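In what follows, a structure is listed as structure tokens, so that the remarks can point back to it.
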Amino acid sequence: QLQASGGGLVQAGGSLTLSCAASGRTFSSYAMGWFRQAPGKEREFVAAIDYSSSNTYYADSAKGRFTISRINAKNTVYLQMNSLKPEDTAVYYCAAVWRLYLAVAATSYNYWGQGTQVTVSS
């Protein structure tokens, strides 16, 4: 089970950190990802991280502004978002896949959190 939190309302240029807490004792065996879905749009990939934090990957829209990280001892993955823009407004979802290496495609992920709303005002 995945529980995302940390969303909210922020002005453009501001920052937010999303957290996703996972239940279970095998969190370190899962690659993790963040996706987002804006109203009227399809869910899109944001960032992914492998099981050991050795590799990360970002959508072009997130590069240089967002940072994905994880603390396996806390069963938690984070998404630090800086320099937020109105176009970042969306529901953000964390996802997990039982494999060591990161995945970009949403169809690769087995488990999804409930989503947390991020709203960026201009």
Side-chain angles (χ1 to χ4, degrees):
Q1 185 175 1
L2 302 175
Q3 183 73 35
S5 62
L9 174 63
V10 64
Q11 288 188 330
S15 299
L16 279 176
T17 298
L18 306 183
S19 300
C20 176
S23 60
R25 293 179 288 181
T26 58
F27 178 73
S28 60
S29 297
Y30 287 79
M32 302 296 295
W34 285 97
F35 291 77
R36 68 186 183 186
Q37 188 166 18
K41 294 187 177 181
E42 294 187 354
R43 189 170 298 189
E44 65 175 3
F45 169 78
V46 177
I49 189 168
D50 71 4
Y51 75 108
S52 66
S53 304
S54 296
N55 295 287
T56 58
Y57 190 78
Y58 297 91
D60 287 344
S61 59
K63 286 179 183 176
R65 300 189 300 127
F66 294 3
T67 302
I68 188 171
S69 61
R70 65 189 293 163
I71 301 178
N72 286 344
K74 294 187 176 182
N75 281 15
T76 303
V77 62
Y78 304 92
L79 185 68
Q80 171 70 44
M81 304 186 293
N82 299 325
S83 303
L84 283 163
K85 305 175 182 179
E87 51 263 45
D88 294 319
T89 295
V91 177
Y92 283 71
Y93 299 89
C94 59
V97 55
W98 189 40
R99 64 188 240 182
L100 301 182
Y101 302 104
L102 62 83
V104 175
T107 53
S108 297
Y109 288 85
N110 308 111
Y111 304 98
W112 292 83
Q114 86 288 0
T116 184
Q117 175 71 47
V118 172
T119 303
V120 184
S121 62
S122 57

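Just so you know, these numbers come straight off a predicted model, no measurement behind them.
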According to a hydrophobic-cluster definition based on side-chain heavy atoms being under 4.5 Å apart (Ile, Leu, Val, Met, Phe, Trp, Tyr only), do M32 and L16 belong together?
yes

Report yes or no: do Y58 and V77 belong to one cluster of Ile/Leu/Val/Met/Phe/Trp/Tyr joined by side chain heavy-atom distances under 4.5 Å?
yes

Testing the basics here: between [X] and [Y], what is the closest heavy-atom pair and its distance to 0.1 Å?
X   : Y    : value
V91 : G115 : CG1-CA, 3.8 Å
S83 : S15  : N-OG, 4.3 Å
F45 : V104 : CD1-O, 3.4 Å
V97 : A103 : CG1-CB, 4.4 Å

Test item: [X] side-chain N/O and [Y] main-chain N/O as donor-acceptor pair under 3.5 Å:
X   : Y    : value
N75 : A22  : yes
N72 : F27  : no
S23 : Q1   : yes
T89 : V120 : yes
Q37 : A90  : no

Report the distance from atom [atom1] of [X] to atom [atom2] of [Y], rounding to the nearest 0.5 Å.
X    : Y    : atom1 : atom2 : value
S122 : K85  : OG    : NZ    : 14.0 Å
L18  : L79  : CG    : CG    : 5.0 Å
T56  : R70  : OG1   : CZ    : 12.0 Å
I49  : L102 : CD1   : CG    : 8.5 Å
F35  : W112 : CZ    : CH2   : 4.5 Å
Y109 : R99  : OH    : CZ    : 7.5 Å

State, yes or no, whether a side-chain contact exists between [X] and [Y] at a heavy-atom distance under 4.5 Å.
X   : Y   : answer
S61 : R36 : yes
L2  : Y93 : no
F66 : W34 : no

Hydrophobic cluster mates of Y78, side-chain heavy atoms under 4.5 angstrom, ILVMFWY only, any path?
I71

Evaluate the ring planes of Y101 and Y51, with Trp represented by its six-membered ring, and classify them as parallel (under 30°), tilted (30 to 60°) or perpendicular (over 60°).
perpendicular

Applying salt bridge (Lys or Arg N to Asp or Glu O under 4.0 Å), name anything that partners R65, two or more places apart in sequence or on another chain.
D88

Among residues at least two apart in sequence or on other chains, which ones pass salt bridge (Lys or Arg N to Asp or Glu O under 4.0 Å) with E87?
none

Under a plain distance cut-off of 3.5 Å, with no hydrogens placed, do T17 and Q80 share a side-chain donor-acceptor pair?
yes

